[in-house]
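Please read these numbers as outputs of a predicted model, since none were measured by experiment.
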Amino acid sequence: MVYQLIFSPTGGTQAVANALAGGQVVDLCDRSLDFSAVTLTEQDVAVIAVPSYGGRVPEIAVERLGRVQGGGARAVLVCVYGNRAYEDTLTELADTAQAAGFRTVAAVAALAEHSIARKYAAGRPDEADKTVLRDFWAKIQAKLDAGDTTAPALPGNRPYKKRGVRSIVPQAGKDCTACGRCAAVCPVGAIDAADPKVTDSSKCISCMRCIAQCPVHARALNPVLVGGLELALKPLCSARKENELFL
């Protein structure tokens, strides 16, 4: 059986995983799940997909994956980034998967729209990306059918790069209806369910899920901060990057 173990706050990582392969979804954003109850076997294949946060796996995804019982399942690792760089993400994800009992057999570094500076990698994964991913899945299947479970060489460093500080906190505007949707879907419980206009900045991981999930589009970032980030990223993000495949 194929499983998707996905941390996808804004949907880009999920879109990449869906283009690669289907499967039963385990939502690593859902803080209500008992991840220790997720158990796989050697016969299973797990697509483990996360976004790159400053060249690292999001800490909460590492923690939740660490509770999953991999059971020797074969893992296809997916790192998704917004056209800047993914640095040590795949290496850290491989180490995390191994510690949880998975066997890495393939990996992908793929593109999706940047979750904050959304002008970069806009519209990705596009049709060209999806074709590449579908074709790669066929190659992965052929490898598995041949009984080959060798691990690919992956880029990245140990020790991993130091984590940056993600301190861009979305705020609720005047259109907020206090429906509580943002509080319910926040992966780390940073939004007050009793008053969704209140966000605990010490908990917020700047994942932008609350913005993506708000039914009335009432949550947003300070446009000055976004403009500054876009300007800083311009030299690194303007040229189109392509998917990297590891088999």
Side-chain angles (χ1 to χ4, degrees), residues 6-19 28-29 49-61 78-90 92-93 108-130 132-133 155-156 160-173 175-176 182 185-188 190-191 199-244:
I6 312 289
F7 187 80
S8 183
T10 60
T13 298
Q14 184 72 67
V16 169
N18 287 345
L28 297 173
C29 287
V50 301
S52 177
Y53 282 4
R56 296 285 302 276
V57 179
E59 285 185 272
I60 191 64
V78 181
C79 155
V80 179
Y81 69 110
N83 212 54
R84 185 190 69 83
Y86 61 92
E87 293 153 311
D88 299 335
T89 308
L90 274 180
E92 184 179 15
L93 187 58
V108 181
L111 285 296
E113 182 178 289
H114 197 288
S115 61
I116 299 174
R118 299 182 66 178
K119 64 186 290 184
Y120 299 120
R124 301 187 74 179
D126 56 23
E127 288 306 314
D129 294 320
K130 292 174 183 178
V132 168
L133 293 169
Y160 319 126
K161 66 173 292 189
K162 184 178 179 180
R163 289 190 185 276
V165 178
R166 294 179 69 84
S167 58
I168 301 179
V169 181
Q171 301 294 331
D175 293 331
C176 175
C182 56
V185 301
C186 176
V188 293
I191 301 171
T199 301
D200 185 340
S201 60
S202 69
K203 291 183 178 180
C204 177
I205 59 172
S206 305
C207 73
M208 306 301 132
R209 187 169 178 82
C210 59
I211 291 178
Q213 293 279 331
C214 179
V216 294
H217 311 291
R219 295 184 70 86
L221 295 172
N222 182 321
V224 175
L225 290 176
V226 175
L229 179 63
E230 288 180 346
L231 188 62
L233 290 175
K234 186 175 181 179
L236 301 170
C237 294
S238 294
R240 178 184 174 97
K241 296 181 176 69
E242 299 300 336
N243 301 280
E244 296 178 41

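- Between the NE2 atom of H114 and the CG atom of L229 there is a distance of 5.5 Å, given to the nearest 0.5 Å.
- Listed by chain and residue number, nothing satisfies the side chain to side chain donor-acceptor pair (under 3.5 Å) test with R209 (two or more places apart in sequence, or in another chain).
- For the pair S52 and A85, the tightest heavy-atom approach, listed with the atom from each and the gap, is OG-O, 4.0 Å.
- Applying the side chain to side chain donor-acceptor pair (under 3.5 Å) criterion to E59, with sequence neighbours excluded, gives no partner residue.
- Among residues two or more places apart in sequence or in another chain, the side chain to side chain contact (heavy atoms under 4.5 Å, CB included) test is passed with C237 by N83, R84, Y120, L233.
- For the atom pair C186 SG and I205 CD1, the distance stands at 7.0 Å (nearest 0.5 Å).
- The minimum heavy-atom distance between A212 and P9, with the atom names listed, is CB-O, 4.3 Å.
- The side chain to side chain contact (heavy atoms under 4.5 Å, CB included) test applied to N18 returns Q4, Q14, not counting sequence neighbours.
- Atom-to-atom distance recorded for L221:CG and S206:OG is 8.0 Å, nearest 0.5 angstrom.
- Scored by the side chain to side chain donor-acceptor pair (under 3.5 Å) test, T199 finds R219 as partners (sequence neighbours excluded).
- Minimum heavy-atom separation, I191 to C210: CD1-CB, 3.8 Å.
- Listed by chain and residue number, nothing satisfies the salt bridge (Lys or Arg N to Asp or Glu O under 4.0 Å) test with K203 (two or more places apart in sequence, or in another chain).
- We find the CZ-CE distance between R118 and M208 to be 10.5 Å, quoted to the nearest 0.5 Å.
- Atoms SG and CD1, from C207 and I168 in turn, are 12.5 Å apart once rounded to the nearest 0.5 Å.
- Listed by first and then second residue, the side-chain hydrogen bond (donor to acceptor under 3.5 Å, both in side chains) pairs that reach into residues 220-239 come to none, sequence neighbours excluded.
- Considering every non-hydrogen atom in both V50 and P58, the closest pair reads CB-CD, 4.3 Å.
- Of all heavy-atom pairs between L111 and V16, the closest is O-CG2, 3.8 Å.
- When the ring pair (Phe, Tyr, Trp, His ring centres under 6.0 Å) test is applied to Y81, the partners found at least two apart in sequence or on another chain are Y86.
- Here the closest non-hydrogen pair linking C176 and A172 is CB-CB, 4.1 Å.
- For P215, the side chain to side chain contact (heavy atoms under 4.5 Å, CB included) criterion is met by C179, R181, not counting sequence neighbours.
- Proximity of a side-chain donor or acceptor of R56 to a complementary backbone N or O of K161 within less than 3.5 Å is detected.
- Residues satisfying the side chain to side chain contact (heavy atoms under 4.5 Å, CB included) criterion with A19, sequence neighbours excluded, are K130, L133.
- The CG atom of D129 sits 4.5 Å away from atom CG of N243, with the distance rounded to the nearest 0.5 Å.
- Between the side chain of E244 and the backbone N or O of A109, no donor-acceptor pair lies under 3.5 Å.
- For E242, the side chain to side chain donor-acceptor pair (under 3.5 Å) partners two or more places apart in sequence, or in a different chain, are R240.
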